[in-house]
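We number each residue from 1, following the sequence as shown. Quantities reported herein were computed from a predicted structural model and do not represent experimental measurements. Both counts, for ligands and for their atoms, begin at 1 and track the order of listing.
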Amino acid sequence: MRIAFLGLGHMGLPMALNLQRAGHDVTGFDVFTGAREAADAAGLTTVGKATDAVAGAEAVITMFQSGQQVIDAYRGSADDPGLLEAAASGTLFIDSSTIAVDDARAAHALAEAAGQRSVDAPVSGGVVGAENATLAFMVGGSDDDFAAAQPLLESMGRRVVHCGGAGLGQAAKVCNNMILAVSQIAVAEAFVVGERLGLEHQALFDVVSNASGQCWAITVNCPVPGPVPTSPANRDFQPGFAGALMNKDLGLAEQAVALTGVDARMGMLAREIYARFAEGPGAGQDFSGIINTIRGESA
Ligand code: NAD
């Protein structure tokens with residue numbers, strides 16, 4: 001398939017390369033010249049204008065930082081035709097950026113009004129997942145558009161779940177990350193309480209990882225060195241999943257909570273805790289580094 005891939009950053013470039021490896025004809029574009037140069041060096045064909053990438057493409061994939069970037073690029077400006085206008089009618093637009101549910105729905109509406117097909121397809125799995133084509137995709141859109149997107153997503157990931165209509169891929173992503181934030185804090189608090197009671201890290205891990213407190217935050221991302229040798233705690237909290245990205249995703253969770261009026265006290269407390277964490281060095285650390293904040297703020 002002829003694919004335009006826009007947004008060749010940490011995630012986008014390895015994803016575009018995996019599509020190319022799967023045999024697709026991929027043309028890349030990024031507004032940042034350095035990203036285009038890195039893509040060229042990695043063997044991806046790039047062009048200097050978004051509209052040149054999109055012309056003749058059967059699918060357009062975007063992997064940007066924010067919802068505003070997606071909407072602006074779809075819509076274009078007075079002197080620049082947007083992606084939706086530049087593409088042939090009926091082109092499949094796949095947005096894999098992590099953005100607010102509201103923004104995703106607005107992007108779908110713009111696409112529909114322009115006669116284009118669209119899915120929101122945010123990912124989890126990070127840069128390692130993008131490089132190894134092991135991402136998980138959470139997809140929102142019609143059955144037909146999901147069916148058209150699925151084979152492309154399977155070239156970049158291992159798990160592709162159709163979550164429902166427009167915006168529901170983003171809804172699933174935001175719900176997952178709210179659970180993750182709350183559970184990572186809960187695990188860190190428990191380890192600090194255990195430490196102060198004289199409980200060995202390994203003993204607490206052996207119990208909890210096989211008991212009802214078991215969750216990813218302990219079995220994969222254990223916040224103390226030792227029990228899970230691959231967890232970021234063993235390498236001074238180098239990410240992994242950086243505090244800045246968790247903070248971003250919890251900002252989207254906050255928007256979803258405001259939109260729905262849900263009494264999500266735990267999620268919103270986690271949002272506050274990670275906002276403070278990301279103001280300091282936590283921004284560049286794995287989010288499990290919150291354990292050091294808890295130690296530092298304990299009596
Ligand atoms: P990044 O900042 O490395 O890359 C985004 C790229 O998009 C940048 O190179 C930027 O120049 C480009 N861009 C912005 N507007 C553009 C436009 N109009 N046209 C072309 N290019 C444009 O970000 P990333 O780490 O690759 O993350 C991308 C998305 O994936 C984000 O929404 C992020 O929240 C999400 N995500 C990231 C991770 C991760 O571990 N990095 C994990 C899961 C999800």
Side-chain angles (χ1 to χ4, degrees), residues 4-18 26-40 42 44 46-54 57 60-77 80-87 93-101 103-104 107 110 120-139 153 156-157 159 169-170 172-174 176-177 180-181 221 232 238-253 255 274 278 283-287:
F5 203 114
L6 312 186
L8 304 171
H10 292 96
M11 298 290 290
L13 176 57
M15 290 166 70
L17 289 170
N18 281 328
V26 185
T27 303
F29 172 75
D30 195 293
V31 286
F32 175 48
T33 313
R36 292 205 301 274
E37 286 168 0
D40 288 332
L44 189 79
T46 65
V47 289
K49 271 173 68 183
T51 45
D52 290 343
V54 165
V60 176
I61 305 180
T62 44
M63 192 53 166
F64 300 160
Q65 290 124 342
S66 72
Q68 199 56 54
Q69 288 174 343
V70 175
I71 290 171
D72 288 349
Y74 273 22
R75 208 165 19 202
S77 61
D80 224 356
L83 303 178
L84 294 173
E85 191 188 326
F93 278 73
I94 300 176
D95 179 41
S96 282
S97 324
T98 301
I99 67 175
V101 174
D103 286 340
L110 286 169
D120 51 294
V123 302
S124 75
V127 175
V128 173
E131 286 169 354
N132 298 336
T134 55
L135 292 169
F137 284 91
M138 297 148 263
V139 189
L153 302 180
M156 298 182 282
R159 207 169 137 69
Q170 298 291 351
K173 165 96 183 164
V174 100
N176 178 70
N177 280 17
L180 176 61
N221 221 39
Q238 273 174 49
F241 187 49
L245 286 173
M246 178 50 95
N247 183 40
K248 173 197 164 177
D249 288 2
L250 289 172
L252 302 178
Q255 288 185 47
Y274 274 113
Q285 286 174 12
D286 187 77
F287 77 115

Does ligand 1 have any N/O pairs with the protein under 3.5 Å, and how far apart?
| from | atom 1 | to | atom 2 | distance (Å) |
| --- | --- | --- | --- | --- |
| ligand 1 | 2 (O) | Gln65 | NE2 | 2.8 |
| ligand 1 | 3 (O) | His10 | N | 2.9 |
| ligand 1 | 3 (O) | His10 | ND1 | 2.7 |
| ligand 1 | 9 (O) | Asp30 | OD1 | 3.3 |
| ligand 1 | 9 (O) | Asp30 | OD2 | 2.7 |
| ligand 1 | 11 (O) | Asp30 | OD1 | 2.6 |
| ligand 1 | 21 (N) | Val31 | N | 3.4 |
| ligand 1 | 26 (O) | His10 | N | 3.2 |
| ligand 1 | 26 (O) | Met11 | N | 2.8 |
| ligand 1 | 32 (O) | Phe64 | O | 2.8 |
| ligand 1 | 32 (O) | Thr98 | N | 2.9 |
| ligand 1 | 32 (O) | Lys248 | NZ | 2.9 |
| ligand 1 | 34 (O) | Lys248 | NZ | 2.9 |

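- Qualifying side-chain hydrogen bond (donor to acceptor under 3.5 Å, both in side chains) partners for Asp80, counting only residues two or more places apart in sequence or in other chains: none.
- Here the side chain of Gln170 pairs a donor or acceptor atom with the backbone of Ile99 at under 3.5 angstrom.
- With respect to Ile94, the side-chain contact (heavy atoms from CB on, under 4.5 Å) criterion is satisfied by exactly one of Thr62, Val60, Leu153: Leu153.
- A donor-acceptor contact shorter than 3.5 Å links the side chain of Gln69 to the backbone of Gln65.
- At least one donor-acceptor pair closer than 3.5 Å links the side chain of Ser96 to the backbone N or O of Ala121.
- Using cut-offs of 30° and 60° on the angle between ring planes, the pair Tyr274 and Phe287 is tilted.
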